[in-house]
Amino acid sequence: MAATPAHDLTVTEVRLTPILVADPPLLNTQGVHQPYTPRLIVEVVTGGGVTGVGETYGDTAYLDLARPLADALPGHRVTDLNALPLLAARVCGDSPDATGPGAVDAAGLRGVRTADKLRRSVVSAVEVACLDAWGKTAGLPVHALLGGKVRDRVDYSAYLFYRWAAHPQGAGEADDWGAALGPDGVVAQARRLADTYGFGSFKLKGGVFPPDEEIAAVRALAAAFPGKPLRLDPNGAWSVATSLRVAAALGDTLEYLEDPASGTGPMAEIAAALRAGSAAPLPLATNMCVTTFEEIPEAFTREAVQVVLCDHHYWGGLRATCELAALCTTFGVGLSMHSNTHLGISLAAMTHAAAVVPRLDHACDTHYPWQTEDVLTERLVFRDGALTVGDAPGLGVTLDRDRLAALHRRWQGDDGALRSRDDAAAMRRADPTWRVPAVPRW
Ligand SMILES: O=C([O-])C(=O)C[C@H](O)[C@@H](O)C(=O)[O-]
Ligand SMILES: [Mg+2]
């Protein structure tokens with residue numbers, strides 16, 4: 001029997017809307033966030049008239065891959081999810097922006113930039129949009145389409161950044177957070193995030209100041225929030241020797257140390273030295289050296305990492321995230337979740353993914369409190385540091401078309417300078433001599 005039109009799951013149209021969203025002057029080892037950051041909103045429309053939404057990186061390199069996939073998708077069904085990566089591999093082509101082995105990604109500190117990674121990030125948004133449309137059509141939440149939730153709430157962690165009070169030359173949108181450039185500022189920021197959202201664990205983005213200053217900041221956090229899980233992430237900025245020195249100083253204080261050094265080799269060396277020195281070594285976490293399935297065998301067999309930060313944008317969607325979770329369980333590696341400058345659509349998707357993985361060992365990262373602009377009619381609300389896993393059909397979010405249009409107009413009005421995230425370029429507005437520091441930086 002032919003499907004009734006309302007339940008027709010055939011894709012009839014795919015809309016791609018690149019936007020620029022306000023981003024505060026958050027510091028990391030490469031530089032500082034630009035005043036506006038690109039995101040891509042993907043809408044998949046079905047023959048039944050249902051629209052599903054997804055979100056991913058909006059940099060030009062991702063957009064260039066998304067366009068041919070958007071053109072090729074009509075005629076496929078939103079349920080054809082296993083075929084999606086194959087379709088993308090066939091139609092997207094290689095990205096001229098892939099830099100290959102040895103070169104690191106300039107937009108988001110996600111390890112080496114390869115064509116495969118860029119494509120997976122595009123596929124992730126299309127997969128999420130398809131799941132949203134399928135769920136809305138079937139009257140089922142996305143977590144049900146993934147096999148069902150195993151938890152009703154997902155814990156998130158406060159993401160602390162060293163930051164300036166304002167962007168250079170007054171660019172961007174003003175906020176009232178003030179500067180955080182030392183232990184007092186970091187603790188004040190943590191206090192406000194904890195008071196406002198109820199977060200009960202804290203991650204400090206490091207690699208910004210010499211390691212002793214960052215050790216002091218973590219110690220100040222430990223004193224201010226006794227017993228709360230703390231993480232430090234310098235995005236691979238340290239040598240093996242520096243990493244071991246920091247691990248010795250903070251071994252009893254941290255929940256895990258994230259990407260102290262760049263690459264599986266150095267991470268394996270650090271992990272081995274920590275194992276040799278302690279019966280309960282400080283775990284190493286990563287969202288830089290294990291970001292694809294191809295990177296898993298070496299990292300896991302060398303025991304280079306004890307926690308992987310999953311990220312559905314990196315891994316190619318929510319279902320691929322579940323595959324990663326299964327592999328982590330198999331190898332006895334813990335699971336946490338990475339975040340980038342995401343909006344509410346991705347936060348909802350992250351929450352559905354986090355709800356279905358049987359073993360989630362740590363609170364998830366989120367940038368959401370820093371992303372004050374969104375494309376939803378209602379922002380997602382953290383209570384006691386967590387999001388409730390809803391049972392509304394699809395992702396459970398509603399696109400605000402006026403907001404989307406306004407943020408798209410900002411993207412259209414940009415001369416190209418902000419259409420690809422470049423934290424080093426943003427830093428040069430304050431320091432014209434700035435270059436991305438070579439690693440190890442310390
Ligand atoms: O390692 C991480 O958590 C990240 O790379 C997340 C973000 O890219 C963060 O470092 C940033 O936005 O500056
Ligand atoms: Mg990280």
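For ligands, and for the atoms within them, numbers begin at 1 and follow the listed sequence. Residue numbers start at 1 and run along the sequence shown.
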Identify whether the distance between the nearest side-chain nitrogen and carboxylate oxygen of R421 and D23 falls below 4.0 Å.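 Looking at R421 and D23, the cut-off is not met.
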
Electrostatic pair R410-D414, nearest N-O below 4.0 angstrom: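 No.
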
Would you say that more than 12 heavy atoms from the other residues, nucleotides or ligands in this model lie under 6.0 Å from the CG of D252, or not?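 Check fails, neighbour count at 12 or below.
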
Give a yes or no on this: more than 12 heavy atoms of other residues, nucleotides or ligands lie within 6.0 Å of atom CD of Q412.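 Count over threshold, so yes.
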
Under-4.0 Å heavy-atom contact with ligand 1, by part of [X] that carries it:
| X | value |
| --- | --- |
| Y159 | side chain |
| L26 | neither |
| N235 | side chain |
| H367 | side chain |

Can you sort out the partners of R359 under salt bridge (Lys or Arg N to Asp or Glu O under 4.0 Å), two or more places apart, ordered by chain and number?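 Once residues adjacent in sequence are excluded, the partners of R359 under the salt bridge (Lys or Arg N to Asp or Glu O under 4.0 Å) criterion are D361.
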
May I ask you to decide if the ring planes of [X] and [Y] are parallel, tilted or perpendicular, using 30° and 60° as cut-offs?
| X | Y | value |
| --- | --- | --- |
| W370 | W177 | tilted |
| F209 | Y162 | perpendicular |
| Y368 | F382 | perpendicular |

Closer than 4.0 Å to some heavy atom of [X] - which atoms of ligand 1 meet that?
| X | value |
| --- | --- |
| N28 | 11 (C), 13 (O) |
| K203 | 2 (C), 3 (O) |
| H33 | 11 (C), 12 (O), 13 (O) |
| D233 | 1 (O), 2 (C), 3 (O) |
| N340 | 7 (C), 8 (O) |
| N287 | 1 (O), 2 (C), 3 (O), 5 (O) |

Residue-ligand contact H342/ligand 1, heavy atom below 4.0 Å: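 Heavy atoms of H342 never come under 4.0 Å of ligand 1.
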
Whether Q30 lies under 4.0 Å from ligand 1, heavy atom: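 It does not, in that no heavy atom of Q30 comes within the 4.0 Å cut-off of ligand 1.
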
Pull up every protein N/O/S atom sitting under 2.8 Å from the Mg ion (ligand 2), skipping waters.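 Near the Mg ion (ligand 2), below 2.8 Å, one finds D233 OD2, E258 OE2, N287 OD1.
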
Contact (N/O only, under 3.5 Å) between S339 and ligand 1: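 N/O-N/O distance under 3.5 Å: no.
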
N/O of K205 under 3.5 Å from N/O of ligand 1, yes or no?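 Looking only at distances, the answer is yes, because the N/O contact criterion of under 3.5 Å is met.
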
Test F161 against H367 for ring-ring contact (aromatic ring centres under 6.0 Å, His included), laying out the working first. CA-CA 10 Å; F161 280 87; H367 277 234; 5.3 Å; yes

Gap separating the CG atom of L318 from the CG atom of L145, nearest 0.5 angstrom: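 It comes to 10.0 Å.
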
State the CZ-OG1 distance between R401 and T17, to the nearest 0.5 angstrom.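 Rounded to the nearest 0.5 Å, the CZ-OG1 separation comes to 8.0 Å.
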
Identify whether NZ of Lys or CZ of Arg in R191 sits under 6.0 Å from the centre of the six-membered ring of F225 and within 45° of that ring's axis.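 Judged by the rule (NZ or CZ under 6.0 Å from the ring centre, within 45° of its axis), R191 counts as positioned above F225.
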
Looking only at atom types and distance, does a side-chain atom of Q189 sit under 3.5 Å from a main-chain N or O of A180, one as donor and one as acceptor?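 Checked: no pair found.
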
